[in-house]
K.L.:
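There's a structure below that I have some questions on.
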Amino acid sequence: MVRPSRSYRVFQGVNGVVLSLVVLVTLYPFVNIVARSFSGERQIRAGEVTLWPRGFNLTTYKIVFQDSMFWRNYGNTVFYTVVATAVAMVLTTCYAYVLSKKQLKGRTALVGVAVFTMFFTGGLIPQYVLITGLGLKNSVWAIALPNAISVFNLLVMKAFFESLPAELEEAAQIDGLSTYGILFRIVLPLSKAVVATMVLFYSVSFWNSWFSAFLYMDSSDLMPVTVYLRNLIQGATGGSNAGAGTEQLSQVGANIQAVTIVLTALPILCVYPFVQRYFVSGVMLGAVKG
């Protein structure tokens with residue numbers, strides 16, 4: 001066994017130290033946010049909270065968790081995210097698969113239509129008039145359909161489908177598979193990495209989205225949890241919060257932003273480890289050519 005040279009051992013040591021510092025710098029803001037969410041008002045305002053909660057307090061969490069509207073809106077967020085992500089994946093996958101066929105007539109025009117929307121939009125008012133005219137207000141489709149296709153995700157999937165060997169599809173055609181059969185039985189099973197990556201991108205986008213619901217939902221019962229937490233922040237920082245005393249209001253105003261970040265980020269952080277291995281593979285696909 002060849003013993004590593006001294007210069008290589010020095011490189012490993014320096015590399016380990018640098019990467020450890022990068023990890024610490026990256027984790028510090030998240031740990032600080034969690035610590036602030038459990039800290040007391042006085043300690044937060046005095047800037048005493050760093051990596052550990054000071055003046056441990058659960059007032060804001062209790063106010064949020066005891067509100068039935070929070071759980072209703074949380075359920076809305078889960079429903080909107082699942083439906084919108086499913087719609088987005090179906091449309092993006094089908095569109096990308098079509099664009100990956102170089103022999104398709106009008107392919108350049110279809111790509112141009114998609115890319116055009118990256119730089120130009122109809123505007124907020126025309127979009128609102130369109131959604132209202134189609135009768136999509138106060139429904140999940142007002143959130144899912146206008147944001148169903150991300151052009152960036154579309155182009156990534158298109159590039160991946162183009163990298164698959166054409167011989168696989170030719171062999172499937174000889175075996176009698178239709179176009180949809182090739183897509184669902186050949187292409188998609190080989191595309192788990194990029195599909196998982198796109199599901200992660202779309203689900204994070206829809207989970208964090210609040211403006212579409214703020215525009216198109218008229219009832220608070222239909223709002224996602226992001227709008228609920230936005231209203232809670234506005235009420236706490238504005239000095240009005242029905243049902244909360246002055247002391248409670250001060251505590252809520254002190255750490256409501258930290259609590260908001262924790263509550264919205266936690267579900268995605270729980271899902272990410274299960275998707276991470278596909279995500280890493282999806283990012284690396286195409287980086288190495290055989």
K.L.:
List in chain and number order the residues that pass salt bridge (Lys or Arg N to Asp or Glu O under 4.0 Å) with K137, two or more places apart in sequence or in another chain; answer none if no residue qualifies.
P.N.:
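Applying salt bridge (Lys or Arg N to Asp or Glu O under 4.0 Å) to K137 gives D218.
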K.L.:
Counting N and O atoms only, with roles assigned by atom type, does the side chain of N208 sit under 3.5 Å from a partner on the main chain of T226, one being a donor and the other an acceptor?
P.N.:
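Between the backbone of T226 and the side chain of N208 there is no qualifying donor-acceptor contact (under 3.5 Å).
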K.L.:
For the CD1 atom of I125 and the CG atom of L130, what is their distance to the nearest 0.5 Å?
P.N.:
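Nearest 0.5 Å value for the CD1-CG distance: 13.5 Å.
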K.L.:
Within the structure provided, determine whether L134 and L145 are in side-chain contact (heavy-atom separation under 4.5 Å).
P.N.:
no
K.L.:
Could you pull out every donor-acceptor pair under 3.5 Å between side chains of residues 171-181 and any protein atom, sequence neighbours left out?
P.N.:
unit_1	atom_1	unit_2	atom_2	d
S178	OG	G181	N	3.2

K.L.:
Is there a side-chain contact between Y97 and I182 (heavy atoms, below 4.5 Å)?
P.N.:
yes
K.L.:
Donor-acceptor check, side chain of S139 to backbone of L136, threshold 3.5 angstrom: yes or no?
P.N.:
yes
K.L.:
Excluding sequence neighbours, so at least two apart, what forms ring-ring contact (aromatic ring centres under 6.0 Å, His included) with W210?
P.N.:
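Once residues adjacent in sequence are excluded, the partners of W210 under the ring-ring contact (aromatic ring centres under 6.0 Å, His included) criterion are F214.
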K.L.:
Which residues pass the ring-ring contact (aromatic ring centres under 6.0 Å, His included) test with Y74, not counting sequence neighbours?
P.N.:
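ring-ring contact (aromatic ring centres under 6.0 Å, His included) list for Y74, sorted by chain: F70, W207.
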K.L.:
Using 30° and 60° as the class boundaries, would you call the ring planes of F56 and F38 parallel, tilted or perpendicular?
P.N.:
parallel
K.L.:
Using a 3.5 Å distance criterion without hydrogens, assess whether the side chain of T264 forms a donor-acceptor pair with backbone atoms of I261.
P.N.:
yes
K.L.:
Side chains of residues 16-32: which donor-acceptor partners sit under 3.5 Å, not counting sequence neighbours?
P.N.:
unit_1	atom_1	unit_2	atom_2	d
S20	OG	G16	O	2.7
T26	OG1	V22	O	2.7
N32	ND2	V49	O	3.3
N32	ND2	T50	O	2.8

K.L.:
CZ of R54: more than 12 outside heavy atoms within 6.0 angstrom?
P.N.:
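At most 12 heavy atoms, drawn from other residues, nucleotides or ligands, come within 6.0 Å of this atom.
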K.L.:
May I ask you to decide if S150's main-chain N or O and Y202's side chain share a donor-acceptor pair within less than 3.5 Å?
P.N.:
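A pair under 3.5 Å: yes.
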K.L.:
Between S209 and Y80, is any side-chain donor less than 3.5 angstrom from a side-chain acceptor?
P.N.:
no
K.L.:
Which Ile, Leu, Val, Met, Phe, Trp or Tyr residues join V90 in one cluster when any pair of side-chain heavy atoms under 4.5 Å counts as a link?
P.N.:
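ILVMFWY cluster around V90 holds nothing else.
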K.L.:
Under 3.5 Å, side chain of N15 to main-chain N/O of F11, donor-acceptor pair present?
P.N.:
no
K.L.:
Are any side-chain N or O atoms of S205 and backbone N or O atoms of F201, one a donor and one an acceptor, separated by less than 3.5 Å?
P.N.:
no
